[in-house]
Amino acid sequence: MNQHLISLSLSDNDLADIDAALKTLEDRFAGFLVLTPEERRAIPKMGDKTEAFCRQTLTVSSQNTSAIPPGLDTASAEADLVTLDRLRPRLHRLRDLLSRAEDTDMALGSDIYSFSLDAYASLKIAGKGAGLETLRQAMSVRFNRGAKPKT
C-alpha cells in the first residue's frame, strides 16, 4: 500500500516568511487576554443564542442612557462589540489556517507512518538474509509492546 496524501516542500524562504508572519501576529496579539481554565468556566459567555439579546440590549441602552445606572459603562460595552465584530472575521481565517496546518501535519505523519509500515514489512521479509536482522529486531520493538529485541 503506497499512500501519498501530500507532497509539500518548504524552502528556507518559505519558513522565514511564515516565521515573520507569526512574529507579526504574536506582536499584535500581545494585548489579547489569556484566561485560566477556572476563569473560562466562571465567566458568563455570550453564545449564539444570547448574542441577539446582547446586541438588542446595547442598542436600547444607548438610546435610553437615563435608565442605565452610572456604574454601567454603555460606551465601553459598545466599543467591545465593535472590536468583537472586527476581530471575528480574522479569527475565522486563523481557525481555517490552523485547521489546514493540522491536517497537513496529520497527512505528512500518516504518509511517513504508512511508508514505514510498508518498509518494515519488506525489511522483515528481506532482512533475514541481507544482514538487516539487528535493524529488523530493533524495529520490531515498536510492535512488541514491552518486549525486548531478540539477541
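The shown structure was predicted, so the numbers you read here are calculated from the model rather than taken from an experiment. If you read the sequence from its start, that first residue is 1, and numbering goes on from there.
Around the NZ atom of Lys49, the shell of radius 6.0 Å holds no more than 12 heavy atoms that belong to other residues, nucleotides or ligands. Heavy atoms of other residues, nucleotides or ligands lying less than 6.0 angstrom from CZ of Phe53 number 12 at most. Other residues, nucleotides and ligands contribute at most 12 non-hydrogen atoms within 6.0 Å of the CD atom of Gln56. Other residues, nucleotides and ligands contribute only 12 or fewer heavy atoms inside 6.0 Å of the CG atom of Asp12.
Placement of Phe32 and Leu35 in two distinct hydrophobic clusters is found when ILVMFWY residues are connected by side-chain heavy-atom separations under 4.5 Å, directly or transitively. Under the 4.5 Å side-chain heavy-atom criterion for grouping Ile, Leu, Val, Met, Phe, Trp and Tyr, Leu10 is connected to Ile6 within one hydrophobic cluster. Neither Leu98 nor Leu22 shares a network with the other; the hydrophobic side chains, linked directly or stepwise wherever heavy atoms of I, L, V, M, F, W or Y lie under 4.5 Å apart, form separate groups for each. Both Leu33 and Ile43 are members of a single hydrophobic cluster when ILVMFWY side chains are connected at heavy-atom separations under 4.5 Å. With hydrophobic clusters built from ILVMFWY side chains whose heavy atoms lie under 4.5 angstrom apart, Leu87 does not share a cluster with Met46.
For the pair Asp27 (side chain) and Thr24 (backbone), a donor-acceptor distance under 3.5 Å is absent. With hydrogens and angles disregarded, a donor-acceptor distance shorter than 3.5 Å links the side chain of Thr59 to the backbone of Arg55. The backbone N or O of Ser62 sits nowhere less than 3.5 Å from a side-chain atom of Thr65 that would complete a donor-acceptor pair. Thr36 places a side-chain N or O within 3.5 Å of a backbone atom of Glu39 that can act as its donor or acceptor partner.
Electrostatic pairing of Arg41 and Glu38 counts as a salt bridge here, judged by a charged N lying under 4.0 Å from a carboxylate O. Ion pairing of Asp19 with Lys23 is absent here, as no side-chain N (NZ or NE/NH1/NH2) approaches a carboxylate O to less than 4.0 Å.
The CZ atom of Arg95 sits 9.0 Å away from the CZ atom of Arg88 when rounded to the nearest 0.5 Å. The CG atom of Leu84 sits 6.5 Å away from the CD atom of Glu51 when rounded to the nearest 0.5 Å. Expressed to the nearest 0.5 Å, how far CE of Met106 lies from CG of Leu108 amounts to 11.5 Å. The CG atom of Leu117 lies 6.5 Å from the OG atom of Ser114; values are rounded to the nearest 0.5 Å. How far CD1 of Ile112 is from CG of Leu5: 11.0 Å, rounded to the nearest 0.5 Å. For the atom pair SG of Cys54 and CG of Leu81, the computed distance is 8.5 Å after rounding to the nearest 0.5 Å.
When side chains are defined from C-beta on, Asp96 does not count as touching His92, because their heavy atoms never get closer than 4.5 Å.
When every heavy atom of Ile68 is checked against every heavy atom of Ser61, the shortest pair comes out as CD1-OG, 3.6 Å. A pairwise comparison of heavy atoms in Leu58 and Thr74 identifies CD2-O, 4.3 Å as the closest pair.
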